[in-house]
Amino acid sequence: MSVDSFGRLFNSPLEAGIRAVIVLEHLRPERVDLAEMVLLDHVVVHTADVGGPPSLHPDVPGRKGELLVRRRLVESSLELMRRCHLVRQESGPDGIFYRASDEAASYVELLETPYSEHLKACASWIAREVRAQDKDAFKARVREYIGDWSEAFGVGVGTSPA
C-alpha cells in the first residue's frame, strides 16, 4: 500500500466504520444514538484523555475540537457498515439507534493487526466502564474531561439533527 493510498483511508468512512463496529460489538447488547457514537468514536482513539489506557491515536493540540467535525464522518461510517450488515439501525419513537449486528462478532474476531488489537483493547475498556456505571454516568465522566459535547450538535439523546 502506498502512502498516497493510506492517506485516503485515514479518517475515512471505512476506518471510522471499523472503529464503530468494534465499539458496538464490545458494547453489545447496548444501543447508541448518533451523538453517542460520535462521542465514543472520539473516546476510543483518545482513551488516555479520559483516564483510560494509552490512546490509539497521538495526542494532538485541539483534539477536543475533533468532535465538532466528526459527526458527518461517523454518520457515513455507520451507513457504510449498515450496508455491510455489520451494524443494525433501529428506529422508534425515542429516536434512531445503532447496535452491532449478529455478523459483527465474527468480523471483529478476524481483525488481528497490532492497531486492531489496540483498538479492541480500547473498546473493551469503554465497555467495562459503561457497564461499571451506566451509559449516562460514563458520558458525564467524559464531559468532565472534554466538555459538554452534546451542545455542539444541538441534539439530545435519541434524536438526530435536521
Side-chain angles (χ1 to χ4, degrees), residues 6 9-60 63-67 69-90 95-150 152-153 157-158:
F6 177 77
L9 289 175
F10 183 70
N11 273 334
S12 69
L14 178 59
E15 182 192 22
I18 292 169
R19 288 194 306 259
V21 170
I22 291 171
V23 168
L24 291 170
E25 177 57 30
H26 280 84
L27 285 172
R28 182 185 294 274
E30 192 78 41
R31 64 184 194 165
V32 301
D33 67 19
L34 179 59
E36 290 168 333
M37 194 65 236
V38 170
L39 176 72
L40 293 171
D41 186 61
H42 179 82
V43 171
V44 78
V45 298
H46 298 297
T47 46
D49 287 357
V50 294
S55 294
L56 188 63
H57 289 182
D59 296 342
V60 293
R63 61 188 171 276
K64 290 179 184 179
E66 291 176 11
L67 284 167
V69 297
R70 200 176 282 258
R71 182 185 180 280
R72 275 207 174 106
L73 174 64
V74 170
E75 191 170 28
S76 297
S77 73
L78 288 167
E79 178 58 25
L80 175 63
M81 294 297 115
R82 189 190 64 74
R83 289 193 318 260
C84 294
H85 306 283
L86 296 172
V87 168
R88 285 186 12 219
Q89 180 179 345
E90 301 171 353
I96 298 172
F97 294 90
Y98 301 90
R99 68 173 78 223
S101 72
D102 292 338
E103 293 82 8
S106 298
Y107 173 76
V108 170
E109 192 175 313
L110 292 172
L111 302 172
E112 297 178 335
T113 66
Y115 179 90
S116 296
E117 292 298 331
H118 189 174
L119 175 57
K120 288 191 262 187
C122 292
S124 180
W125 174 81
I126 289 171
R128 280 192 311 274
E129 293 297 308
V130 167
R131 288 185 183 100
Q133 308 159 47
D134 66 26
K135 194 167 46 169
D136 290 333
F138 179 73
K139 291 186 305 188
R141 186 171 127 207
V142 170
R143 277 196 289 279
E144 289 176 16
Y145 285 95
I146 64 173
D148 187 1
W149 54 276
S150 62
F153 306 114
V157 172

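Positions are given from 1, in the same order as the sequence printed here. Everything numeric here is computed off the predicted structure, so don't read it as measured data.
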Inset, instruction - Check the pair Arg128, Ser124 against side chain to side chain donor-acceptor pair (under 3.5 Å), reporting the backbone distance first and the verdict last. - result: CA-CA 6 Å; Arg128 280 192 311 274; Ser124 180; 2.9 Å; yes

Could you check if a side-chain atom of [X] sits within less than 4.5 angstrom of a side-chain atom of [Y], using non-hydrogen atoms only?
{"X": "Val43", "Y": "Tyr145", "answer": "no"}
{"X": "Asp33", "Y": "Ile96", "answer": "no"}
{"X": "Met37", "Y": "Leu40", "answer": "yes"}
{"X": "Tyr98", "Y": "Val23", "answer": "no"}
{"X": "Lys120", "Y": "Val108", "answer": "yes"}
{"X": "Asp134", "Y": "Glu30", "answer": "no"}

Inset, instruction - Could I get the full list of side-chain contact (heavy atoms from CB on, under 4.5 Å) partners for Ala105, not counting sequence neighbours? - result: Glu25

Legend entry - Check ion pair Arg82-Glu79 (N to O, under 4.0 angstrom): yes

Legend entry - Carboxylate-amine/guanidinium proximity below 4.0 Å for Glu144 and Arg141: no

Legend entry - Lys135 side chain vs Arg31 backbone, donor-acceptor pair below 3.5 Å: yes

Inset, instruction - Determine yes or no for a side-chain-to-main-chain donor-acceptor pair under 3.5 angstrom, with Ser76 supplying the side chain and Arg72 the backbone. - result: yes

Legend entry - Minimum heavy-atom distance between Cys122 and Val44, given as atom pair plus value: CB-O, 3.6 Å

Legend entry - Closest approach of His118 to Ser55 (non-hydrogen atoms, all atoms of both residues): CE1-O, 3.4 Å

Inset, instruction - Kindly write out the residues that satisfy side chain to side chain donor-acceptor pair (under 3.5 Å) with Ser106, not counting sequence neighbours, or none if the list is empty. - result: none

